[in-house]
Amino acid sequence: MANSQPLQPSISEKQPASAAQPPPLAHTDSKTSQKEAEATSRPQGSRPMATIQDDDERLLARIGYKQELRREFNKWSTVSYAISILGVLGSVPATFGSPINAGGPATAVWAWFIGSVMAMCIASSVAELVSAYPTAGGMYFVTKHVVPPEHIAIWAWVIGWCNLLGQAAGVASVTYTVAQMILAAAVMNSSYVDGTYSFTPTALQTVLLTILILCIFGIICSLTTRWLHRIVIWFAPINVIASISICIALLVLTPKKQSAKWVFTEVTDGTGWGNKGFSFLLGFLSVAWTMTDYDGTTHMSEETHDAAIRGPVAIRAAVLVSGVVGWMLTVTFCFCMSDYEGVMTSPTGLPVAQIFLNAGGRTGGTVMWCFVILVQFFTGCSAMLANARMAYAFARDEAIPFSGFWSKVSRHTHTPVNAVWLVVLFCTCLTLIGIGSTLTIVSIFNITAPALDLSYIAVIIAHRVYENRVQFIEGPYSLGKWSKPINAIAVSWVIFISIILFLPTIKPVTAANMNYAICVASFIAIFSMSWWFMGAKNKYTGPRTKDLLDMLPAEDPEEILSDYA
């Protein structure tokens with residue numbers, strides 16, 4: 001459906017010249033004849049697109065930023081990173097109980113299938129936009145090139161904060177689930193007497209372990225990009241191979257499995273709303289929570305070779321692989337729920353952990369569960385990496401307090417270490433809330449998917465609303481004639497699923513089961529807009545790119561770039 005090929009040093013005859021778009025970088029003197037030939041054949045006023053193959057620094061300069069980070073990610077580590085940030089082997093077991101509780105096995109199975117198809121529409125729409133402007137800011141930076149100049153500041157401010165805080169909530173939530181999984185393993189291996197385990201984790205233990213894991217993430221994410229590449233490249237293979245192996249093991253070891261009819265057709269009303277259709281809709285909570293943060297890969301663009309191509313390819317590949325693997329896991333778990341009531345009321349606190357125990361016993365179940373923990377650990381690490389790069393990009397544009405400090409790049413690792421520890425600090429503060437109220441911390445975590453997805457479609461909507469007023473030069477990855485219909489599907493789906501994500505999941509609604517995600521979303525909106533009107537609007541102007549290329553004569557761009565550096 002989408003077209004993907006490297007940008008060639010040919011001309012672009014689609015877009016007219018615009019004062020808002022800088023002229024293209026010229027090639028070196030050895031290519032003067034080619035450049036002159038292009039200039040004579042090019043219609044007056046048109047401009048060539050930048051060459052990006054082996055020339056990423058020039059593309060970044062064309063966009064308006066100086067290269068500060070080192071490009072060490074290749075196509076394999078980029079795809080591996082994109083798959084790991086979704087991390088289905090960790091995320092599906094962590095969220096499996098939600099759709100099963102709400103609407104039964106068929107709800108879990110088909111909600112995942114439908115949700116994955118819709119996720120591909122969102123991911124494709126995001127991939128098309130970020131291909132044109134591959135920067136650490138991701139969709140936040142794209143905002144600058146899809147809205148009129150007079151609206152850039154407010155649009156970028158809202159999109160940036162929505163994306164930054166949504167990602168931070170995602171990092172905290174994934175880390176919290178890693179802690180829960182580790183403690184669930186401890187429960188699985190404690191003594192079992194009279195139907196109960198001797199160990200029961202407390203809220204304080206969960207929070208303290210979460211903070212420790214956040215610090216470990218911070219240490220890993222502070223490494224050089226070369227070391228990150230070497231580590232991340234293993235994330236996807238372990239995820240996929242472990243998922244397939246666990247599915248085979250469960251199907252072989254589970255003595256009595258559910259029927260195919262029960263798995264694919266059994267829909268229940270576990271919400272109390274008296275409507276199976278509504279219960280089915282609530283089943284999308286799992287896939288919505290897992291299949292998000294599509295632009296996480298683009299936040300690594302300034303550390304990726306040929307990011308305008310590899311980033312979009314990795315995004316769509318990750319959704320495809322994760323959708324297939326996630327559906328396979330969901331179907332397998334449903335088949336292996338031989339003791340439905342026992343699984344749903346498991347003392348481990350996680351239904352999938354009980355499925356593992358039932359199939360492999362304490363030893364086999366623990367081994368399989370360790371792989372789930374490992375993959376979820378990969379997901380948390382990848383999510384923090386994306387959030388740190390977003391924080392770096394936002395601080396680079398002076399959008400957060402003490403921006404000069406948070407946007408500083410370490411001389412030793414050539415990575416934004418300060419931004420990494422800003423994320424660690426902020427996520428730690430969020431997690432501490434869990435000591436006093438588990439309900440509140442879950443509500444904060446629930447804001448992840450709608451905050452991120454709404455930030456994506458806001459940019460997509462702006463692109464379509466202002467496309468006749470704002471010139472947008474497409475990148476090498478384009479949906480072509482399918483762009484508008486896929487954009488429409490993505491926007492419609494996100495609006496629909498966001499409403500679902502904000503609804504109470506159980507009736508009657510009480511203080512204990514209320515979905516407070518809408519309250520958290522309101523707080524974020526009030527906070528960001530209050531800050532805007534109290535002073536940010538007088539200082540913040542949007543992504544603060546340098547108009548490097550406006551200064552570049554066609555004959556010698558290197559001289560000015562070196563002067564700027």
Side-chain angles (χ1 to χ4, degrees), residues 88-119 184 188 195 240-291 321-369 371-372 505-506:
V88 288
L89 181 56
S91 299
V92 173
T95 59
F96 181 72
S98 175
I100 290 291
N101 265 322
T107 294
V109 169
W110 296 115
W112 183 275
F113 181 84
I114 296 170
S116 296
V117 174
M118 295 302 166
M188 292 163 61
V240 175
I241 294 172
S243 297
I244 295 172
S245 300
I246 286 174
C247 286
I248 294 173
L250 288 176
L251 292 173
V252 170
L253 295 174
T254 301
K256 183 182 178 181
K257 289 176 278 292
Q258 294 284 4
S259 67
K261 180 180 180 180
W262 185 83
V263 170
F264 293 105
T265 64
E266 182 71 17
V267 178
T268 61
D269 175 23
T271 63
W273 287 93
N275 189 305
K276 289 185 178 181
F278 182 72
S279 296
F280 182 87
L281 295 179
L282 291 177
F284 287 110
L285 292 173
S286 176
V287 65
W289 188 81
T290 302
M291 303 285 268
V321 171
S322 299
V324 171
V325 174
W327 196 70
M328 175 185 69
L329 287 166
T330 301
V331 171
T332 301
F333 294 157
C334 289
F335 269 112
C336 296
M337 292 184 71
S338 51
D339 179 12
Y340 180 83
E341 293 298 329
V343 167
M344 297 309 297
T345 58
S346 172
T348 64
L350 293 168
V352 176
Q354 190 63 47
I355 292 175
F356 286 1
L357 274 175
N358 294 345
R362 179 171 291 186
T363 301
T366 301
V367 170
M368 289 187 284
W369 192 245
F371 277 102
V372 172
T505 57
I506 298 175

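Heavy-atom minimum distance, Met291 versus Ser116: CE-OG, 4.0 Å. Counting all heavy atoms, side chain and backbone alike, Glu266 lies closest to Pro105 at O-CD, 3.5 Å. Closest of all the heavy-atom pairs between Ala242 and Leu89 is CB-CD2, 3.6 Å. Counting all heavy atoms, side chain and backbone alike, Val109 lies closest to Trp327 at O-NE1, 3.1 Å. Residues Ser338 and Lys256 share a closest heavy-atom pair of CB-O, 2.7 Å. Here the shortest heavy-atom pairing between Arg362 and Leu357 reads CA-CD2, 3.8 Å.
Side-chain N or O atoms of Thr254 include none that pairs as donor or acceptor with a backbone N or O of Lys257 at under 3.5 Å. Of the possible donor and acceptor atoms, one in the side chain of Gln258 sits under 3.5 Å from a partner among the backbone N and O of Met337. Although no hydrogens or angles enter the test, the distance criterion places no donor-acceptor pair under 3.5 Å between the side chain of Ser243 and the main chain of Val325.
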Scan the side chains in residues 347-354 for donor-acceptor partners under 3.5 Å anywhere in the protein, sequence neighbours excluded, and list what turns up.
from: Thr348; atom 1: OG1; to: Ser346; atom 2: OG; distance (Å): 2.7
from: Thr348; atom 1: OG1; to: Leu350; atom 2: N; distance (Å): 3.3
from: Thr348; atom 1: OG1; to: Leu350; atom 2: O; distance (Å): 3.1
from: Gln354; atom 1: OE1; to: Ser346; atom 2: OG; distance (Å): 2.8
from: Gln354; atom 1: NE2; to: Asn358; atom 2: OD1; distance (Å): 3.0

N/O donor to acceptor pairs below 3.5 angstrom from side-chain atoms of residues 275-286, sequence neighbours left out:
from: Asn275; atom 1: OD1; to: Gly277; atom 2: N; distance (Å): 2.8
from: Asn275; atom 1: OD1; to: Phe278; atom 2: N; distance (Å): 3.0
from: Lys276; atom 1: NZ; to: Val267; atom 2: O; distance (Å): 3.4
from: Ser279; atom 1: OG; to: Ala102; atom 2: O; distance (Å): 3.4
from: Ser279; atom 1: OG; to: Asp269; atom 2: OD1; distance (Å): 2.8
from: Ser279; atom 1: OG; to: Thr271; atom 2: OG1; distance (Å): 3.2
from: Ser279; atom 1: OG; to: Asn275; atom 2: O; distance (Å): 3.2
from: Ser286; atom 1: OG; to: Thr95; atom 2: OG1; distance (Å): 2.7

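Here the straight-line distance linking atom CZ of Phe371 with atom CD1 of Ile241 works out to 10.0 Å at 0.5 Å rounding. Taking SG from Cys336 and CG from Leu253, the interatomic distance works out to 9.0 Å, rounded to the nearest 0.5 Å. Remark: Met344 CE to Asp339 CG distance equals 11.5 Å, nearest 0.5 Å.
Ring geometry for Phe356 versus Trp369: interplanar angle over 60°, hence perpendicular rather than tilted (30 to 60°).
Annotation: side chain of Thr330 is in contact with side chain of Val92 (closest heavy-atom distance under 4.5 Å). Here the side chains of Thr290 and Trp112 are in contact, with some heavy-atom distance below 4.5 Å. No side-chain heavy atom of Trp262 sits less than 4.5 Å from a side-chain heavy atom of Phe335. At a threshold of 4.5 Å between non-hydrogen side-chain atoms, the residues Leu250 and Phe333 count as touching. When side chains are defined from C-beta on, Val287 does not count as touching Phe113, because their heavy atoms never get closer than 4.5 Å.
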